[in-house]
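These numbers come from a predicted model, not from an experiment. Both backbone and side-chain heavy atoms feed into the values below; hydrogens, waters and symmetry mates do not.
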Amino acid sequence: MKYVARANRIKNILSTANIGASVKIQGWVRSRRDSKGGFSFLDISDGSCVAGIQVIADRSLPNYDSEVKHLTTGCSVEIEGNLQKSPGTKQQVEVLAKRINVIGWVDNPTAYPLQKKRHSLEFLREIAHLRARTRTFGAVSRIRNSLSNATHNFFQSRGFLYIHTPIITPSDCEGAGELFRVTAIELDNVPKNSNGEVDFRQDFFGRPVFLTVSGQLYAEAYASALTNVYTFGPTFRADNSNTPRHLAEFWMVEPEMAFCDLEGDMDLAESYVKHLFRSVLEDCTEDIEFLERLTPETKIIEPLTRFIDSEFERISYTEAVKLLEQSHQPFEVPVKWGTNLQSEHERFLCEKYFGKPIFIFNYPKQIKPFYMRVNEDNKTVAAMDLLIPRIGEIIGGSQREERLDVLQERMRELNIDPRDYWWYIDLRRFGSVPHSGFGLGFDRVVQFVSGMRNIRDVIPFPRTPNSAEL
RNA sequence: UCCUCGGUAGCUCAAUUGGCAGAGCACGCGGCUGUUAACCGUGUGGUUGCAGGUUCGAGUCCUGCCCGGGGAGCCA
């Protein structure tokens with residue numbers, strides 16, 4: 001038997017609903033229900049849409065008693081038949097099977113973890129290799145794909161170049177969290193120098209290297225030649241963060257624009273996020289509706305629509321602090337200019353006070369890294385965060401410090417060795433330009449759009465502290 | 001990492017004051033004239049997270065550890 005990648009999948013068969021047409025479907029059995037009439041209903045899914053297709057398997061099929069009656073959830077099948085109008089109320093059309101081939105049995109149905117009933121997300125997380133077969137994870141996967149596609153469409157249509165920044169890097173991108181070390185040294189035979197320290201000169205790269213925590217510094221180099229660029233790749237943080245919003249391996253979209261200031265940065269961020277919302281609403285309507293039905297307490301479509309049609313709020317850090325002070329809310333931690341805003345503060349502003357996505361910009365320079373551009377007041381830097389309800393921060397960005405002397409001064413203040421950043425400093429010596437960029441936590445956007453509570457459920461195989469089982 | 005709640009059958013959960021470890025679903029078998037969380041009957045299924053302790057007796061109480069959820073911090 002020959003197999004080819006098929007274009008005509010269940011989604012297409014259901015949407016064209018061509019009564020009488022001869023169809024072939026390949027997929028996995030979601031459930032089998034035996035009718036009183038001596039035939040069976042099969043619910044078949046191939047991951048192309050939320051709905052499965054109903055197949056009528058009559059007892060006149062030659063393998064009805066020997067095979068069809070023994071099909072269980074998870075078996076893979078190939079079915080040929082004719083599309084007919086369904087007398088049932090839950091679907092418009094169904095397939096009257098002429099031939100049912102079982103491709104792969106579930107050899108021990110009791111051991112197959114997925115059942116017809118609803119499973120907890122925590123349980124499904126333990127069987128990440130099978131959870132894509134559920135409606136929920138199918139929907140999330142299609143949404144993730146759509147957002148990914150929309151990302152490229154957005155930047156490509158604006159002339160941004162997609163660049164591939166390195167995954168392995170000697171740079172620790174100051175302030176972006178803990179690093180995973182990459183080494184080819186045999187850990188039971190570590191080379192030491194005369195001081196008893198690990199001798200990285202004997203390692204693969206002849207120096208210490210890490211997995212990237214951000215492509216930003218490299219993107220700056222390319223923006224300083226190609227004007228507008230973006231990266232979209234995996235990012236690694238070894239922070240011991242145990243929250244529903246953090247992954248040790250996540251995906252980040254990082255545009256970087258030459259000749260662009262902080263306001264231009266926020267403008268682009270706003271356009272981009274709205275483009276994502278708009279296109280996923282259109283592209284994955286059924287998936288989003290399905291997920292919203294699953295968790296009715298989490299509204300998705302209404303806020304998405306409202307955010308697309310409204311201006312995101314823009315407020316400076318200093319104004320935000322004032323607002324919080326005047327709010328008379330019973331915060332656990334009091335607001336104080338010069339310190340990081342607490343989650344409760346951000347949530348109040350974003351969810352309660354404004355009720356929509358907000359940019360907070362111009363943060364105190366003492367809580368931000370060396371590369372952010374120092375403002376006129378010499379107290380704040382041109383940084384911005386975009387917060388959205390329910391998720392919190394999805395974007396962190398800034399205008400970069402393009403002035404050589406100011407950059408060097410900042411590095412001295414923060415005790416950063418300029419020799420580690422010689423090439424980054426070079427960019428300020430040779431045709432420096434004002435430039436800006438940001439990083440968008442892609443998985444967090446998927447989380448927001450899908451309504452999933454835990455970020456571990458929007459990436460196929462999540463990596464978190466103490467968890468990389470498969 | 002800290003705070004907090006939890007871990008009982010393959011899954012979702014119950015078990016009163018410390019007193020015989022249960023139900024639904026799944027799976028097997030039988031039944032049923034179009035089902036769709038199918039239904040009816042019946043059967044299989046347990047080291048109560050792990051290791052100690054208290055007690056005549058521990059799923060239940062105590063100590064330590066492991067794992068999971070929620071919150072916080074760090075961030076995207």
Side-chain angles (χ1 to χ4, degrees), chain A residues 30-44 51-59 69-70 72-74 84-91 94 96 106 108-127 135 173 175-178 213-216 234-254 269 331-333 339-347 367-369 385-388 391-397 438-448 453-457 459 464-467 469:
Chain A
R30 226 174 230 155
S31 77
R32 187 196 88 230
R33 296 180 295 276
D34 299 326
S35 143
K36 301 175 219 173
F39 59 97
S40 300
F41 298 93
L42 301 177
D43 187 12
I44 309 297
I53 194 163
Q54 174 160 284
V55 173
I56 310 301
D58 192 78
R59 68 177 139 192
K69 286 277 277 182
H70 300 283
T72 54
T73 306
Q84 62 181 27
K85 224 171 133 43
S86 175
T89 54
K90 297 262 169 99
Q91 62 279 316
E94 62 192 19
L96 179 61
V106 168
N108 179 4
T110 322
Y112 186 64
L114 292 174
Q115 299 166 15
K116 291 191 251 185
K117 62 175 225 162
R118 208 166 145 175
H119 290 96
S120 70
L121 296 170
E122 291 80 12
F123 168 67
L124 292 172
R125 220 172 279 152
E126 294 169 10
I127 48 165
R135 277 184 235 277
C173 204
E178 297 295 313
V213 289
S214 166
Q216 180 201 319
T235 306
F236 307 88
R237 307 256 169 108
D239 301 317
N240 191 5
S241 297
N242 294 287
T243 83
R245 304 177 301 281
H246 287 87
L247 291 166
E249 177 182 292
F250 65 100
W251 288 69
M252 188 151 69
V253 178
E254 294 178 283
F331 294 123
E332 299 273 332
V333 180
T339 62
N340 277 309
L341 296 177
Q342 304 286 306
S343 296
E344 53 176 346
H345 303 150
E346 295 184 340
R347 237 182 295 118
I367 57 171
K368 291 293 181 183
D385 284 354
L386 175 63
L387 313 178
I388 57 173
I391 307 294
E393 183 179 349
I394 58 164
I395 283 178
F438 61 82
L440 169 131
F442 186 74
D443 313 85
R444 289 184 180 174
V445 176
V446 181
Q447 215 184 330
F448 182 70
R453 289 289 175 79
N454 195 312
I455 201 165
R456 297 164 200 206
D457 298 325
I459 190 166
T464 53
N466 239 309
S467 175
E469 190 59 32

Mind checking [X] for me? I need base, sugar-phosphate or nothing, with any heavy atom below 4.0 Å counting as a touch.
| X | answer |
| --- | --- |
| A:Pro113 | nothing |
| A:Phe123 | sugar-phosphate |
| A:Gln342 | sugar-phosphate |
| A:Glu94 | base |
| A:Arg125 | sugar-phosphate |
| A:Ser86 | base |
| A:Arg32 | nothing |
| A:Asn242 | base |
| A:Pro244 | sugar-phosphate |
| A:Asn240 | base |
| A:Gly396 | sugar-phosphate |
| A:Gln91 | base |
| A:Ser343 | sugar-phosphate |
| A:His246 | base |

Distance in angstrom units between [X] [atom1] and [N] [atom2], rounded:
| X | N | atom1 | atom2 | result |
| --- | --- | --- | --- | --- |
| A:His70 | B:C29 | NE2 | C1' | 11 Å |
| A:Arg30 | B:C25 | CZ | C1' | 18 Å |
| A:Glu344 | B:C74 | CD | P | 12 Å |
| A:Ile367 | B:G73 | CD1 | C1' | 14 Å |
| A:Leu124 | B:G69 | CG | P | 13 Å |
| A:Tyr112 | B:G28 | OH | C1' | 19 Å |
| A:Leu247 | B:C74 | CG | C1' | 14 Å |
| A:Glu332 | B:C2 | CD | C1' | 14 Å |

Where the side chain of [X] is concerned, which of [options] is the nearest nucleotide?
| X | options | answer |
| --- | --- | --- |
| A:Ser35 | B:G34, B:G69, B:A76 | B:G34 |
| A:Arg245 | B:C74, B:A76, B:G68 | B:C74 |
| A:Asn340 | B:U36, B:C67, B:C75 | B:C75 |
| A:Arg347 | B:C74, B:G71, B:G34 | B:G71 |
| A:Arg33 | B:A72, B:A38, B:C74 | B:A38 |

- Task: Would you confirm whether A:Glu344, through its side chain, and A:Val333, through its main-chain N or O, come within 3.5 Å as a donor-acceptor pair?
- Result: yes
- Task: Would you check if the side chain of A:Thr73 reaches a backbone N or O of A:Arg30 as a donor-acceptor pair within less than 3.5 Å?
- Result: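 Yes; judged by distance alone, with no hydrogens or angles, the pair exists.
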- Message: If you assign A:Met252 and A:Leu341 each to the RNA chain B nucleotide with the nearest heavy atom, which residue ends up on the more 5' nucleotide?
- Response: A:Leu341
- Query: Of A:Leu114 and A:Gln54, whose nearest nucleotide on RNA chain B comes first from the 5' end?
  - Reply: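 That would be A:Leu114.
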State the pairing partner of [N]; accept Watson-Crick or G-U wobble contacts with both distances under 3.5 Å, and report none otherwise.
| N | answer |
| --- | --- |
| B:A58 | none |
| B:U1 | B:A72 |
| B:C27 | B:G43 |
| B:U35 | none |
| B:G22 | B:C13 |
| B:U63 | B:A51 |

- Task: For A:Arg453, look at atom CZ and say whether over 12 heavy atoms of other residues, nucleotides or ligands are found less than 6.0 Å away.
- Result: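 Incorrect, the count does not exceed 12.
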Taking atom [atom1] in both [N] and [M], what distance in whole Å separates the two?
| N | M | atom1 | answer |
| --- | --- | --- | --- |
| B:G53 | B:U60 | P | 14 Å |
| B:A58 | B:C20 | C1' | 14 Å |
| B:G45 | B:C29 | C1' | 15 Å |
| B:G10 | B:G18 | C1' | 30 Å |
| B:G24 | B:U47 | C1' | 24 Å |
| B:G68 | B:U8 | C1' | 15 Å |
| B:G46 | B:U54 | P | 30 Å |
| B:U4 | B:U17 | C1' | 27 Å |

- Query: Going through the distances and angles, do A:Leu124 and A:Leu114 end up as a side chain to side chain contact (heavy atoms under 4.5 Å, CB included)?
  - Reply: CA-CA 9 Å; A:Leu124 292 172; A:Leu114 292 174; 3.5 Å; yes
- Query: Planes under 30° and centres closer than 5.5 Å, is that true for A:Phe39 with the base of B:G34?
  - Reply: no
Hey, does [Y] have a side-chain heavy atom less than 4.5 Å from the side chain of [X]?
| X | Y | answer |
| --- | --- | --- |
| A:Ile459 | A:Phe250 | no |
| A:His119 | A:Ile127 | no |
| A:His246 | A:Asp239 | no |

- Can A:Lys69 and A:Arg59 be said to form a side chain to side chain contact (heavy atoms under 4.5 Å, CB included), step by step? CA-CA 9 Å; A:Lys69 286 277 277 182; A:Arg59 68 177 139 192; over 6 Å; no
- Message: With a 4.0 Å limit, can you tell me whether A:Lys90 has a side-chain N or O closer than that to the phosphate oxygens OP1/OP2 of B:G34?
- Response: no
- Does a side-chain N or O from A:Ser241 land closer than 4.0 Å to OP1 or OP2 of B:C75, or not? no
- Task: Test side-chain hydrogen bond (donor to acceptor under 3.5 Å, both in side chains) on A:Ser31 and A:Arg33 and set out the steps.
- Result: CA-CA 7 Å; A:Ser31 77; A:Arg33 296 180 295 276; 3.2 Å; yes
